[in-house]
There are 2 protein chains.
Amino acid sequence: MEKPVRRKGDAVTIHEVARRAGVSPMTVSRVINGNSNVRDTTRETVMRAVRELNYTPNPAARSLAAAQGTRIALIYTNPSGAYLSELLVGALAGVSRTAAQLVLDTWDNVSPAAERAAARKLAKSVAGVILPPPLCESKAILSELVAAKVPVVAIASGRFQANISCVRIDDFRASREMTEHLLGFGHTRIGYIKGNPNQTASALRYEGFQAALAEAGLAVDTSLVQQGYFTYRSGLEAAEKLLNRKRPPTAIFASNDDMAAAAISVAHRRGLEVPRDLSVVGFDDTPIATTVWPELTTVRQPIASMAESSIELLLRSIRQRPGETRIVVDHVVAHELVKRDSVAPPRKS
Amino acid sequence: MEKPVRRKGDAVTIHEVARRAGVSPMTVSRVINGNSNVRDTTRETVMRAVRELNYTPNPAARSLAAAQGTRIALIYTNPSGAYLSELLVGALAGVSRTAAQLVLDTWDNVSPAAERAAARKLAKSVAGVILPPPLCESKAILSELVAAKVPVVAIASGRFQANISCVRIDDFRASREMTEHLLGFGHTRIGYIKGNPNQTASALRYEGFQAALAEAGLAVDTSLVQQGYFTYRSGLEAAEKLLNRKRPPTAIFASNDDMAAAAISVAHRRGLEVPRDLSVVGFDDTPIATTVWPELTTVRQPIASMAESSIELLLRSIRQRPGETRIVVDHVVAHELVKRDSVAPPRKS
DNA sequence: TTGCACTTTGATAGCGCTATCATTACGCTC
DNA sequence: GAGCGTAATGATAGCGCTATCAAAGTGCAA
């Protein structure tokens, strides 16, 4: 049995839909592109035909005809690479339905001038950009991209910014919930390891922590709060300081998983068992959360589906007619508290 | 200053190349597709024009005209996901120059029957497949794909298999070198944590370890060899056993980074300092190698560039005319011994 | 030189879709 | 109901590339 010749005849085209609906192919095209200027009744007829024939537009033809070299850039920096693979998986999923191409690049520029230059160059070669943190916090990059009228989606950025679409979770609320979870176990002396101050999310997470404490009528003991930088190394140091105290905390809330993993490691080196002697929780649910032992209780950001949404958003922006006002949305998606094995009630002492 | 209208004129087309080279567009097409039946002198003229104009084929047009929905699948399973992001980065880089689209899928089938069914279905929808371990060791998948005449590239698989192209490092040699490195520091009692037996690479790495020992005139002490499964958890257990011995090893060679990281963690819990009291080395150079402290000495597999080569290989296979014999190559790329901070001479005892 | 088989090149016709402009239908004022 | 402006639809012409087949060139034997 030969493999069928791929050429020809395997897919239903816009013409067949048009014929079935009794309209011209152009009208079908307008309908499937959500174009206005189509009478409602016509639209419905067409849509029915589309459904009946199970029609899917051919992405290649589409982008060829539209001459929109739909290249979408995803720029990242190494530091934030923790969830890179999930980001890529999601972006790829979003792109694979369309003719768009995903192009990757790493920027480790330090100076705003370098970022500015890179952004300007990028703006010329792609139709849209997805920016994870910390890049999406850079004024230099953002202003350059916005000036060049290239649609941008900031992903997992803490806060919504003018002119930039944004797909994110509610860091504040997630962090508050996690703190409440800890509180619910009876912890009252909770150490907190802050994230890198160059990211809005760090502040938001800390605020969520404070808010939960305040609601529970507890004061924030600032000596139990350490600055971290989202790296394992910084988590190591912060946890050392926390556990060196005369009255060490009974739980540590690290604002990402890498630092939480580091806290576990420090605890182990001191002969403390987790969670019996110390509860530890993280944030993000990156692979390391399930690598370490015990597995981390953490907050799951659905990075993959967030990336997928970002692509869709971007594509919609790109497809816009030149005249229309830019689509700018703030898309807050649901997070999830993932309970695993790193939390227990505080030990009686 | 308005952004130039994207439509038209921004890219150099095959016609311009043709005019410059003084041939027809068709001939250019043949050249860039590596088609035979083009005189060498003609080919060179065309290639020069291509270079001078910095021409890149338009992927959309290409796949539209060729009606070859050049979709390349990358299938992975969670367990091997350690270097997934690097794999994706490389594959994407390879793909971004061509019309091909990368589609991802996760298979966590256990039964060969399920794998067989999935492979059969896959064969119908894509033009080529990239298979990282352990999937590339599955007879069921492989035979199904080969039967369907879908080109396959096994990446980072230990050994070359008939009918399947393969891009890999020399696991045996890399492992032998790493062992020699340890030996060079004066270690003679080296613990070894084996990899998952479902992968050829595990055996190869172990053989390399044995070979180096044999060359140095040392006998392999099988009580210093533990079975692991490439997971952090299994590394934990193996390291425990190793360090529980009356005369524990002075160094541990884990056959991947996750298990090496686990070994470090176990050492720390026992108050052992790495590398002062125990040297630990890993394999693969995944992100965890630079996350843990101290950073791991390990063997770097250039996964990204391997993935890129795989794509190129696949594309070449796909572009083949139906008649020709399948291209099957065994591409062994160079590895690298990355020396970091987890190795020191054995402590005098 | 002619004839024949084979290699190399080119002309033509789309791939499936959308931009553009022309055409027709509709709604309204006067 | 004529006249006009706007909304809805259609006809045409490609987007950049490759499949296909026809044409031209090449080599070799007779």
Side-chain angles (χ1 to χ4, degrees), chain A residues 5-19 21-46 50 53 55-70 98-101 315 318-323, chain B residues 5-19 21-46 50 53 55-70 98-100 127 315 318-323:
Chain A
V5 193
R6 252 218 207 66
R7 211 170 157 60
K8 206 71 170 289
D10 52 353
V12 15
T13 77
I14 203 171
H15 288 92
E16 308 175 39
V17 178
R19 203 149 44 80
V23 298
S24 78
M26 198 55 234
T27 300
V28 176
S29 171
R30 280 195 261 262
V31 170
I32 59 178
N33 287 303
N35 205 309
S36 49
N37 290 1
V38 176
R39 196 174 304 157
D40 282 353
T41 57
T42 314
R43 182 190 312 280
E44 273 164 37
T45 320
V46 172
V50 166
L53 268 65
Y55 165 74
T56 352
N58 176 330
R62 220 170 180 181
S63 69
L64 178 57
Q68 44 167 334
T70 317
T98 72
Q101 272 217 312
L315 252 22
I318 294 167
R319 291 260 157 73
Q320 263 190 123
R321 345 232 52 243
Chain B
V5 193
R6 250 217 210 68
R7 210 171 156 56
K8 205 72 170 290
D10 55 350
V12 13
T13 76
I14 203 170
H15 287 92
E16 307 176 39
V17 177
R19 202 147 44 79
V23 299
S24 77
M26 198 52 233
T27 301
V28 175
S29 170
R30 279 196 262 262
V31 170
I32 59 177
N33 287 303
N35 205 308
S36 49
N37 290 1
V38 176
R39 197 173 303 156
D40 281 355
T41 58
T42 314
R43 181 189 311 280
E44 273 163 39
T45 319
V46 171
V50 166
L53 267 53
Y55 165 73
T56 351
N58 176 328
R62 221 171 179 180
S63 67
L64 178 57
Q68 47 164 333
T70 315
T98 73
L315 252 23
I318 294 168
R319 291 263 154 73
Q320 264 189 125
R321 345 240 41 246

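As a basis for the values below, the full set of heavy atoms in this structure was taken, side chains included, without hydrogen atoms, waters or symmetry mates. The shown structure was predicted, so the numbers you read here are calculated from the model rather than taken from an experiment.
- Between the CZ atom of R43(B) and the P atom of dT8(C) there is a distance of 9 Å, rounded to whole Å.
- Here the OG1 atom belonging to T56(A) is positioned 12.0 Å from the CD1 atom belonging to I14(A), to the nearest 0.5 angstrom.
- Look at CD1 on I14(B): it is 5 Å from P on dC17(D), rounded to the nearest Å.
- In this structure, R30(A) and R39(A) both approach DNA chain C, and ranking their closest nucleotides by distance from the 5' end singles out R30(A).
- One interatomic measurement links the two molecules: CG of N33(B) to P of dG16(D), which rounds to 17 Å at whole-angstrom precision.
- If you take OG1 on T13(B) and CZ on R19(B), they are separated by 8.5 Å, rounding to the nearest 0.5 Å.
- With rounding to whole Å, L53(A) atom CG is found 14 Å from dG16(C) atom P.
- I32(B) contributes atom CD1, which lies 11.0 Å from atom OG1 of T27(B) (distance to the nearest 0.5 angstrom).
- Distance from the side chain of A61(B) is smallest to dG16(D) among dA8(D), dG10(D), dG16(D).
- In terms of phosphate contacts, T27(A) brings no side-chain nitrogen or oxygen within less than 4.0 Å of OP1 or OP2 of dT9(D).
- OP1 or OP2 of dA8(D) sits under 4.0 Å from a side-chain N or O of N37(A).
- The phosphate of dT9(C) (OP1 or OP2) has a side-chain N or O of T42(B) nearer than 4.0 angstrom.
- In this model, the phosphate group of dT18(C) is approached by a side-chain N or O of R62(A) to a distance below 4.0 Å at OP1 or OP2.
- Whole-Å rounding puts the M26(B) CE to dG14(C) P distance at 16 Å.
- Atoms CG (D40(A)) and C1' (dA8(D)) sit 12 Å apart, rounded to a whole Å.
- Using a 4.5 Å cut-off on side-chain heavy atoms (C-beta onward), V23(B) and V46(B) make contact.
- Look at CD on E16(B): it is 14 Å from C1' on dC17(D), rounded to the nearest Å.
- Residue R19(B) contributes atom CZ, which lies 14 Å from atom P of dG16(D) at whole-angstrom precision.
- Side-chain contact between E16(A) and L53(A) is present, with at least one heavy-atom pair separated by less than 4.5 Å.
- Of the listed nucleotides (dG16(D), dA7(D), dG16(C)), dG16(C) has the atom at the smallest distance from the side chain of A65(A).
- Phosphate proximity of dC15(C) to N58(A): absent, as no side-chain N or O sits under 4.0 Å from OP1 or OP2.
- Between T13(A) and the phosphate of dG16(C), there is no side-chain N or O to OP1/OP2 separation shorter than 4.0 Å.
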